[in-house]
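Note that this is a predicted model, so its numbers are computed, not measured.
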Amino acid sequence: MMTDKNKSVIEKDIIVRNIETKDIDEVLELALNVFGPDIAFKRKHIENQLKLFPEGQICIEYQGTIIGSSSSLIVNIEDYNTHHSFDEIADEGYIRNHQPNGKNLYGIEVVVHPDYRHMKIGKRLYEARRKLCEKLNLQSIFIGGRIPNYHKYANKMSAAEYTRRVLDRDIYDPVLSFQHKNGFILRGVIRNYLPEDKASMAYATLMEWQNPQYYQENNTKAASTKQ
């Protein structure tokens, strides 16, 4: 059992920061170990992500080792079909469709080293995304979430029924259950989102977290006058 003293030591040694060029090899190795070669980003993807939207590429460092990372871009979600694929929304990982003046942050990857999951690394990465969303005054965060336990139930129910039962807490899914617990709302189920994701049977959930601090730029002056 982890004591308060141990928690304090861990907190002191954890650094949440932006990914830098020097980190690419380590981030690549982490993703490859977690996702395998079919799903993990390649060097060319991470290099382009850092070039186009460095603020959206985040990692967690613990005692000098990167144990978690996340990638994102900014879009206007209405520019995409509700049944978009991962390749469409992420530009096959290159994020050349990143819109600096868009209003939605879209998360395209979260990686957590399995040996450090007890340290709530995924939660910390999601918190960092929320802070970025608030800092940039974006309306919301969207994610195309995996449902990695669905393959166990695919012969019994549709993906839509599976997600409903997970949200009703009848079934546990490590990704969807976590995202729902962190304030994300289900907006739909996407078929053929990521064909390489065999565990999810290529399905994904379209999830949204709405920024409670969001304000429309043209109302800034009026809002400040009322304060």
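One finds the CZ atom of R117 at 9.0 Å from the CG atom of D115 (value rounded to the nearest 0.5 Å). Rounded to the nearest 0.5 angstrom, M207 CE and T163 OG1 are separated by 9.0 Å. Going from atom CD of E208 over to atom CZ of R187 covers 4.5 Å, rounded to the nearest 0.5 Å. Separation of atoms CG (N33) and CZ (F35) is listed at 11.5 Å; rounding is to 0.5 Å. To the nearest 0.5 angstrom, C133 atom SG is 10.0 Å from Q210 atom CD.
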side-chain contact (heavy atoms from CB on, under 4.5 Å) for L52 and L73? Distances and angles first, verdict last. CA-CA 9 Å; L52 295 176; L73 71 156; over 6 Å; no
Applying salt bridge (Lys or Arg N to Asp or Glu O under 4.0 Å), run through E134 and R129 and close with a yes or a no. CA-CA 9 Å; E134 292 171 352; R129 272 187 184 160; over 6 Å; no
If you apply the rule side-chain contact (heavy atoms from CB on, under 4.5 Å), what do you find for I121 with H113, and how did you get there? CA-CA 8 Å; I121 301 306; H113 194 295; over 6 Å; no
For E88 and S85, run side-chain contact (heavy atoms from CB on, under 4.5 Å): C-alpha distance rounded to whole Å, both residues' side-chain angles, the deciding distance at 0.1 Å, then the answer. CA-CA 5 Å; E88 289 170 340; S85 68; 3.2 Å; yes
When you look at V27 and I19, which way does the side-chain contact (heavy atoms from CB on, under 4.5 Å) test go after all the steps? CA-CA 8 Å; V27 171; I19 296 172; 4.2 Å; yes
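For the pair Y214/L138, no side-chain contact is recorded, criterion being any heavy-atom separation below 4.5 Å from C-beta on. Contact of the T205 side chain with the Q179 side chain is registered, since non-hydrogen atoms from C-beta on lie closer than 4.5 Å. Using a 4.5 Å cut-off on side-chain heavy atoms (C-beta onward), N149 and P174 make contact. Between P114 and V34, some side-chain heavy-atom pair lies under the 4.5 Å cut-off. Contact check for I190 versus F86: no side-chain heavy atoms found under the 4.5 Å cut-off. Within the 4.5 Å cutoff, no side-chain heavy atoms of W209 are placed close to those of N182. By the 4.5 Å heavy-atom criterion applied to side chains, Y62 and M119 are counted as neighbours. With a 4.5 Å cut-off on side-chain heavy atoms, L206 and L186 do not count as touching.
Only one option out of Y172, Y126, F184 pairs with F178 in a ring pair (Phe, Tyr, Trp, His ring centres under 6.0 Å); it is Y126.
Remark: side-chain polar atoms of N18 are paired, donor with acceptor, to backbone N or O of P54 under 3.5 angstrom. Proximity of a side-chain donor or acceptor of H98 to a complementary backbone N or O of I74 within less than 3.5 Å is detected. In this structure a side-chain-to-backbone donor-acceptor pair under 3.5 Å is missing from D168 to D170. Side chain of S71 to main chain of Q57: no donor-acceptor pair is present (N/O by atom type, distance under 3.5 Å, no hydrogens or angles). A donor-acceptor pair is defined here as one N or O able to donate and one able to accept, closer than 3.5 Å; such a pair exists between the side chain of H151 and the backbone of A199. Proximity of a side-chain donor or acceptor of R124 to a complementary backbone N or O of I14 within less than 3.5 Å is not detected. The closest donor-acceptor contact from the side chain of N76 to the backbone of E78 lies at 3.5 Å or more, if one exists at all. Proximity of a side-chain donor or acceptor of N211 to a complementary backbone N or O of Q139 within less than 3.5 Å is not detected. Between the H45 side chain and the E92 main chain, a donor and an acceptor come within less than 3.5 Å of each other.
Contact between A31 and E109 at its shortest, heavy atoms only, is CB-OE1, 4.4 Å. For I95 against F53, the heavy-atom pair with the smallest separation is CD1-CB, 4.1 Å. Between H84 and Y193, the closest heavy-atom pair is O-CD1, 3.4 Å. In terms of heavy atoms, Q49 sits closest to G93 at NE2-O, 2.9 Å. Across all their heavy atoms, S200 and Y150 have their closest contact at O-CD2, 3.7 Å. Residue V189 comes nearest to H83 through the heavy atom pair O-CE1, 3.4 Å, listed as atom of the first residue, atom of the second, then distance.
L30 and L32 fall into different hydrophobic clusters, defined by Ile, Leu, Val, Met, Phe, Trp and Tyr side-chain heavy atoms under 4.5 Å apart, directly or through other members. In the hydrophobic cluster analysis, where Ile, Leu, Val, Met, Phe, Trp and Tyr join through side-chain heavy atoms closer than 4.5 angstrom, V112 is grouped together with I66.
Judged by distance alone, the side chains of S140 and N104 do bring a donor and an acceptor atom under 3.5 Å apart. Neither side chain, N192 nor Y203, offers a donor N or O lying under 3.5 Å from an acceptor on the other.
Residues Y80 and Y106 place their aromatic rings such that the two centres sit no closer than 6.0 Å.
Geometrically, R96 engages Y94 in a cation-pi contact defined by less than 6.0 Å to the ring centre and at most 45° from the axis.
Annotation for E47: atom CD counts as buried by contact number, over 12 foreign heavy atoms lying within 6.0 Å.
Salt-bridge annotation for K156 and E161: absent, with no side-chain N of the basic residue lying under 4.0 Å from a carboxylate O of the acidic one. In this structure, R17 pairs ionically with D23, as a charged nitrogen and a carboxylate oxygen lie closer than 4.0 Å.
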